Amino acid sequence: MMISQFDEAYRNRHKLAEGWEKEGKKLFGYFCNYIPEELIYAAGFITLRIRGSSENIELADAHLPSICCSYMRSALEEALKGRYNYLDGAVFPKSCDMTRALYGIWKRDIKLPYYYFLPVPGKSTDAAVDFFIEELQLFKESLEKYTNKKISEASLKQAIKLYNENRALVRELYNLGLRDTPPLSGSEAFAVLRAGLVMPKEEHNAMLRKLLPGLSSAKGSPDGKVRLMVAGNTFETIELLQAVEDSGGNVVVDDIDIGSRYYFSAVDENAEPLRALAERYLRKVPCPCKHPAEPRLYHMLKLAKEYRVRGVILLTQKYCDTHLYDRPWLESSLKNNGIPVLVVDHSDTGWAGGKFKTMVQAFIEMVG
Amino acid sequence: METKQGKPTATPFKVVRLAASAALGTLNEIYYKELANAKQQGKPVIWITSMTPIELVYAFDGIPFFPENYAALCSSRKVAEDLCKAGEARGYSQDLCAYALCTFGIMFEKRGAFGEPPPDPDILIATEGACATHPKWWEAIQRHYECPMIIIDAPYTVDSETLAPRQKAYYVAELKEAVKSLEQATKKPFSMEKLREVVSFSDQASELWDDIDAMRAAIPTPISQIDVFTCLFPLVTLKGTKEAVDFYKQLRDEVKARVDNKVGFVPNERFRLIWDLFPVYHNMRLLNYFAEFGAAFVTDLYGNAFSGRLDSSDPFGSLANRYLSFFMRSASRGKAELYKKRAKQYHVDGIVFHSNRCCRNFTAEQPDIGAILREELGLPSMSFEGNMVDPRGYDDAQVKSKIETFIEMLEARKYPKK
């Protein structure tokens, strides 16, 4: 199993999905880190994270002002170009204001047979968990009505097991980054984990099972690269990780929403399924749209220590409010803990690679 | 109104001020005096976000402080730009909400609209009732002042007209938790009787506001958009007090007299428009520029955001209904339907979108709302870029030229040459 196969699976995601659609599989798109995919899988769908791209915005300009983040603009662009026509439905959570707004915009402008808005609470208290269980029950009933098929407890438990397996396998990938000489570079690891967002978990698991044994015995080269963490928003531009590597650094761990904030934290397989899901999704490492924010800082500090990073690249998507509010606090908190920070404004559409590389080189020189 | 070329020209006119403006000035003065003296009088200063149930603050005899409202004041007093820059100097992006940036400036620089800063918060209350970003900047404020903070979680209904019982129950539980936290922080017991009284005053103020709002449908429309924005202060900050009710009674009577006598604020009303959404606080006179062409704003949804009927026999339940059913939380379709209804009721010729460059939450849906109104009602629109608080980047000449083009188009539609 080659890394390039993961990378191709991601890059060809629309073509592959169209193939699954032709095979009669049902495909379901979702936004963000707060949708319990297990429930959708148990209803008979393949769950696919809706992603954007780095392409120029043409069609979305008429629907979404330029002050909105490049992720939401480019995801809408993809949909307006008909690239998500294979979806049988889409679900939006209450997370940031953009996700809320885009629900209405997609619903009007992108014709899909099923839409759902999941009111995920903003807190993780016991009352919030109880409320979320009720919301999940309603989402479950809505899916059942749409598919005309009951979701059994057994199928839900099986879904939880499958997604947990995926989390555990990806965690092995993360464990490789703990070594002094990781057998994978940061960009390679990223290619592996992001492929998991856009393919059936069974397939991702099978690919990981082929990939991991070879890696666990691989030595990795003692290349002396400076160990770094990337933290912040989702991004499409894998080239930025390669730019870090070209500059003598290596991203060995992350705190981003399609990385550790997505893959860490398993669902309790012994608890009642909806409760287990509610607890996992509300009590995982929080994204900045949830409160309180401190557990995410602790997660970053813990990772920084475990992975022995020499610095953090704090990457914020331009116009992403919730991340931008936390940024000065995260920057100073990390620095107060002796961790150097490079603050980067990022946009997938119109990525300034040269400027980024210059900044990263200077940073690596400083912390190296 | 027309030149030989058919281009409409601006005709300046004398704006007749409301008599109620004087009362408003007095209310403002009293409020800021009370705010300044709050600590001496042992009253807690409670900084709240919009859509925080202010009724809880008054029920605990606190003095509410609205950083958003205060940032607007800073903007009209031309000190907001410097304060925003001070926020940016601490690492906050210029793309963030200018209300927040201005507040960060106040917080770090310790100065305010009149020089002196507002009093530090004793308690902070935030909710996602309006914006998911509110608790984010409140968290930043909390880290600075290190005072107790309450976050009231407000589940989103988005495309439901009715509030689901589970959402109401969760919110009511959040309110009761907030009451407990307020009891601890203020060291005062909660009084249901006091809350009922506050809720009743709040309801009365909202009812009066709704009456005034409905009277704007009269032809000619009785009050200007500037008056509407200015007269919002009691509804935002004093809602739940008797003073607010008295003020809106006076205002309602004055507006009613204008309607009865067919007095419009524009001498010759030719066009009737909807304003969406935020005021341009650093340039409120822009609204008068429309009026100089005989174009009057007859409705907006901004003001209504702060009005909501309550029931003193069920304070918590009615607070839940009011704050969770806030229309700004609905999907673009719901907002467009509200405007569609108003376009008919208020005899509207067009809609003006203020594309507020620092506010994604309420700007993202504007293109779709405009498209729905165009497609389903044939309602024309114009959009201009600005920032509610921060004057940087605002191009007055360009905006005015856009307005002229829009008026020209409206003229050709409504008054075609025979």
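Chain letters run A, B, ... following the sequence lines, proteins first, then strands; residues in each count from 1. Keep in mind it's a predicted model, so treat the numbers as computed, not measured.
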Which bit of [X] is near chain A, if near means a heavy-atom gap under 4.5 Å: side chain, backbone, both or neither?
{"X": "B/Arg90", "answer": "backbone"}
{"X": "B/Ser93", "answer": "side chain"}
{"X": "B/Glu385", "answer": "neither"}
{"X": "B/Glu139", "answer": "side chain"}
{"X": "B/Ala173", "answer": "neither"}
{"X": "B/Cys97", "answer": "both"}

Mind checking whether [X] and [Y] have side chains closer than 4.5 Å, heavy atoms only?
{"X": "A/Tyr281", "Y": "A/Asn33", "answer": "no"}
{"X": "A/Glu134", "Y": "B/Pro165", "answer": "no"}
{"X": "A/Leu118", "Y": "A/Tyr30", "answer": "no"}

(request) Taking all non-hydrogen atoms of both residues into account, name the closest pair between A/Tyr262 and A/Asp257 and its distance. (result)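 Closest approach of A/Tyr262 to A/Asp257, heavy atoms only: CB-O, 3.3 Å.
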(message) What I want to check is whether the side chains of A/His291 and B/Glu128 have a donor and an acceptor closer together than 3.5 Å.
(response)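 A donor-acceptor contact under 3.5 Å links the two side chains.
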(message) Does the Lys NZ or Arg CZ of A/Lys284 fall within the cation-pi geometry relative to A/Tyr34 - under 6.0 Å from the ring centre and within 45° of the axis?
(response)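 Judged by the rule, A/Lys284 and A/Tyr34 form a cation-pi pair.
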(message) Is it the case that the ring center of B/Tyr145 lies less than 6.0 angstrom away from the ring center of B/Trp47?
(response)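 That pair passes the under 6.0 Å test.
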(request) Would you confirm whether the ring centroid of B/Tyr171 sits within less than 6.0 angstrom of the ring centroid of B/Tyr323? (result)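 When the ring centroids of B/Tyr323 and B/Tyr171 are compared, they turn out to be at least 6.0 Å apart.
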Using 4.0 Å as the upper bound for N to carboxylate O, is an ion pair formed by [Y] and [X]?
{"X": "B/Lys341", "Y": "B/Glu337", "answer": "no"}
{"X": "A/Arg51", "Y": "A/Glu78", "answer": "no"}
{"X": "A/Asp126", "Y": "A/Arg283", "answer": "yes"}
{"X": "B/Glu174", "Y": "B/Lys168", "answer": "no"}

(request) Tabulate, in ascending numerical order, the residues of residues 87-97 of chain A having at least one heavy atom closer than 4.5 Å to a heavy atom of chain B, or enter 'none'. (result)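 At a heavy-atom separation under 4.5 Å, chain B is reached by A/Lys94, A/Ser95, A/Cys96, A/Asp97.
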(message) Does anything in residues 334-351 of chain A reach chain B? List residues with heavy atoms under 4.5 Å apart, or say none.
(response)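 Heavy-atom contacts from residues 334-351 of chain A to chain B are absent.
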(message) Ring-plane angle category for A/Tyr146 and A/Tyr114, please: parallel below 30°, perpendicular beyond 60°, tilted otherwise.
(response)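 Taking A/Tyr114 first and then A/Tyr146, their aromatic rings lie parallel (interplane angle under 30°).
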For a quick test of your reading: what N or O donor-acceptor pairs under 3.5 Å do the side chains of residues 102-109 of chain A make, sequence neighbours left out?
| residue | atom | partner | partner atom | Å |
| --- | --- | --- | --- | --- |
| A/Tyr103 | OH | A/Lys107 | NZ | 3.2 |
| A/Tyr103 | OH | B/Asp159 | OD2 | 2.5 |
| A/Lys107 | NZ | B/Asp159 | OD2 | 2.5 |
| A/Arg108 | NE | B/Asp368 | OD2 | 3.4 |
| A/Asp109 | OD2 | A/His63 | ND1 | 2.9 |

Looking at [options], which has the largest count of heavy-atom pairs under 4.5 Å with chain A?
{"options": "B/Ala154, B/Cys131, B/Gly91, B/Ala132", "value": "B/Ala132"}
{"options": "B/Asp153, B/Ile372, B/Ile151, B/Thr133", "value": "B/Asp153"}
{"options": "B/Ser332, B/Ser355, B/Cys358", "value": "B/Ser332"}

For residues 312-319 of chain A, run the donor-acceptor check on the side chains, cut-off 3.5 Å, and write out each pair with its distance to 0.1 Å, sequence neighbours left out.
| residue | atom | partner | partner atom | Å |
| --- | --- | --- | --- | --- |
| A/Gln317 | OE1 | A/Ser70 | OG | 2.5 |
| A/Gln317 | NE2 | A/Thr234 | O | 3.1 |
| A/Lys318 | NZ | B/Asp95 | OD2 | 2.8 |

Under a 4.5 Å cutoff for heavy-atom pairs, which residue among [options] has the most contacts with chain B?
{"options": "A/Cys320, A/Ala293, A/Ser332, A/Cys289", "value": "A/Ala293"}
{"options": "A/Pro292, A/Ala128, A/Ser66", "value": "A/Ala128"}
{"options": "A/Glu331, A/Glu135, A/Arg100", "value": "A/Arg100"}

(request) Below 4.5 Å from any heavy atom of chain B, which atoms of A/Glu294 appear? Answer side chain, backbone, both or neither. (result)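 Side chain only.
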(message) By the definition side chain to side chain contact (heavy atoms under 4.5 Å, CB included), identify the one residue from A/Leu330, A/Asp326, A/Leu324, A/Asp321 that meets it with A/Pro288.
(response)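 It is A/Asp326; the other options fail the test.
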